[in-house]
2 protein chains.
Amino acid sequence: MREGKQEFAEWLASRKLRVTGERMAVLDEVMRANGHIDIDYLQEQFRKQKRPVSRATIYRTLSHLVQSGLVQKVLTGEGQARYEKMYGRQHHDHMICLGCGEIIEFTNDEIERLQDWVCHKKRFTIVTHTLQIKGFCEKCSAQKASVEGGATDHRRHGRN
Amino acid sequence: MREGKQEFAEWLASRKLRVTGERMAVLDEVMRANGHIDIDYLQEQFRKQKRPVSRATIYRTLSHLVQSGLVQKVLTGEGQARYEKMYGRQHHDHMICLGCGEIIEFTNDEIERLQDWVCHKKRFTIVTHTLQIKGFCEKCSAQKASVEGGATDHRRHGRN
DNA sequence: ACAGATATCGAGACTCAATCTCAACACAAG
DNA sequence: CTTGTGTTGAGATTGAGTCTCGATATCTGT
C-alpha cells in the first residue's frame, strides 16, 4: 500500500467514513498526477478509464483529502480551484504565470520564519498561509519583451 | 478635490472613459470606508443614501478602480471578494481570522525583499503578490482555548 | 448652449464553479 | 437475511460575478 492509501483509509475510518472505490480512485489520480490539477482533469481521467465518477463525489472526496492533509487546494483566483498532492511533500508557495498559467513552486525558510515572527508579535495563531506571486515566467517574460510596443494585454477575462 | 477623485478622473480620461456620478459615488464610498468592504456593503450604503447604484455598475467601477491602482481586491476564498482603498497607502499583507473574519494588516520589508530575491533566482517577473495568513486573532484564540475539549470546529461551510 | 456621437446605466438574464437533495444502492454487523 | 447507516450520481440549486440591450447621461466640436 503506497501513496497515502493507508493514511487516507485510516483517516476515513477515524471519522467513521467508508473506504470506497470512488474515494480511492480519486486519491490514486491525484497522487499519480504530478502537477496542479483541476476537477475537469480528474473527471476526464475517470472517463478514459471507463470508470466514471460524478462531479459531486470528486468534490466531496477532494474535500476529505484536503481535510486529511494529503492534498492541498490551490485557489489561483481564476476559474476552478486546483489540487496538488501533499503526501510526502513539504509545504511550499507558488508563483503563478499570468501568461501560460504555469504554477512554479518554491520554498524559503526565511520567509516562513518571518511570518511566524510577525504573527507572534500580533498574537495571531497561524493555521495556514498562502503566498502567491503572480507575474510572468521566464519563457513568457521573454515572449512579452519581444512583442513590446504591441498589444501586451495579458489580462484574463474570467472571474478573478 | 481629495481622496483620489482627481486621480480617478484622470485615469478614466486617459482611457476615454467618462467621469460619471455613479463612478465617483463608488470611489467615495470605498474611500470613506476604512476597512475591507464587499459589494453588499456598498449597495447598502447607496440604498441608505437614497441613491441606488446597480450591482453591475458597482462591479464595473470596482474593476476600474482596481486597475487604476486606487483600490485593491482581496480574495479571502470565502464568498465574496472584498475591497480596500490603496490611495495614499503602502502595500501590505493580510492575516485573516477564521473565527470572526477580521482582517489584520501587516507589512514586513524583509519578506518583500526575500520574495524579490526568490523570483529573481527563478527569472520570474513579479506583477503582484498576495500573502495571506489564516488562523485566529488574539481574541478568538483566547475564546477557543477556553472552550478547549468541546466542539472546536470553526470550519466554514461556504465555498472555499 | 446645442447637437451629435458614443460611453454608461440598470434590470434582469445568464454563466459557471461548487454545493445540495434525495432516491437508489452498498456495506458492515447482528 | 435484515436492519442501520454511509455513499453515490443525476440533476436541481446557490450565489458571485458578467453580459445584454434599450434608455439615458456625458463629452466634444461648433
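The shown structure was predicted, so the numbers you read here are calculated from the model rather than taken from an experiment. The figures here come from the full heavy-atom set of this structure, side chains too, leaving out hydrogens, waters and symmetry mates. Labels below follow one simple rule: chain letters A, B, ... track the order of the sequence lines, proteins then strands, and each chain is numbered from 1.
- Proximity of A/Y59 to the phosphate of C/dT19: no side-chain N or O atom is located under 4.0 Å from OP1 or OP2.
- The distance between atom CD of A/Q80 and atom C1' of C/dC16, rounded to the nearest whole Å, is 9 Å.
- Here the P atom of nucleotide C/dA17 and the CG atom of A/L42 are 14 Å apart, to the nearest Å.
- Between the side chain of A/R89 and the backbone N or O of A/K85 there is at least one donor-acceptor pair closer than 3.5 Å.
- Helix-axis bend for the helix from C/dA1-D/dT30 to C/dG30-D/dC1: the local axis fitted to the five terminal pairs at one end deviates from that at the other end by 30°, rounded to 10°.
- Side chain of A/L17, nearest nucleotide from D/dA16, D/dG9, D/dT7: D/dT7.
- Between the side chains of B/Y87 and B/E3, not a single donor N or O lies within less than 3.5 Å of an accepting N or O.
- Other residues sharing a hydrophobic cluster with A/M86 under the 4.5 Å side-chain heavy-atom criterion for ILVMFWY residues do not exist; the residue is a singleton.
- Per the geometry, CD belonging to B/Q43 stands 13 Å off C1' belonging to D/dA16, to the nearest Å.
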Q: Starting at the 5' end of nucleotides 22-30 of chain C, put B wherever the base has a protein heavy atom under 4.0 Å, S where only the sugar-phosphate does, and a dash everywhere else.
A: ----BB---

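- D/dT8 atom C1' lies 14 Å from atom CZ of A/F46, rounded to whole Å.
- Between the OH atom of B/Y83 and the P atom of D/dA16 there is a distance of 12 Å, given to the nearest Å.
- Regarding A/L75, its CG atom lies at a distance of 16 Å from the C1' atom of D/dG17, rounded to whole Å.
- No salt bridge links B/D116 with B/K121; every basic N to acidic carboxylate O contact stays at or beyond 4.0 Å.
- Within a 6.0 Å sphere centred on NE2 of A/H120, heavy atoms belonging to other residues, nucleotides or ligands number 12 at most.
- Using a distance-only test at 3.5 Å, with no hydrogens or angles considered, no donor-acceptor pair links the side chain of B/T125 to the main chain of A/S141.
- The main-chain N or O of B/I58 is never found under 3.5 Å from a side-chain atom of B/T61 such that the two would form a donor-acceptor pair.
- Each of B/S54 and B/K16 lies near DNA chain C, and the nucleotide nearest B/K16 is the one positioned closer to the 5' end.
- Judged by distance alone, with hydrogens and angles left aside, the side-chain atoms of B/K134 form a donor-acceptor pair with the main-chain N or O of B/T76 at under 3.5 Å.
- Residue B/W117 is found in a hydrophobic cluster whose other members, listed by chain and number, are A/M95, A/I104, A/F106, A/I111, A/L114, A/W117, A/V118, A/F124, A/I126, A/L131, A/I133, B/M95, B/I104, B/F106, B/I111, B/L114, B/V118, B/F124, B/I126, B/L131, B/I133; membership requires side-chain heavy atoms under 4.5 Å apart, directly or through intermediates.
- As rounded to whole Å, 8 Å separates atom C1' of D/dA16 from atom CZ of B/R55.
- Among D/dT8, C/dG10, C/dC20, the nucleotide with an atom closest to any side-chain atom of A/T57 is D/dT8.
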Q. Would B/Q115 and B/H129 count as a side-chain hydrogen bond (donor to acceptor under 3.5 Å, both in side chains) if you check the C-alpha gap in whole Å, the side-chain angles of each, and the deciding distance to 0.1 Å?
A. CA-CA 9 Å; B/Q115 283 175 28; B/H129 79 259; 3.1 Å; yes

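- Residue pairs that meet the side chain to side chain donor-acceptor pair (under 3.5 Å) test with at least one member in residues 22-37 of chain A, sequence neighbours left out, are A/K5-A/D28, A/E29-A/R32, A/E29-A/Q49, A/H36-A/E84, A/H36-A/H94, A/H36-A/E105.
- With hydrogens and angles ignored, the 3.5 Å screen pairs a side-chain donor or acceptor of B/Q132 with a backbone N or O of B/L75.
- As a whole-Å value, the separation of A/E78 CD from D/dT18 P is 12 Å.
- Heavy-atom distances under 4.0 Å link DNA chain D to A/T20, A/E22, A/R23 of residues 19-40 of chain A, given in residue order.
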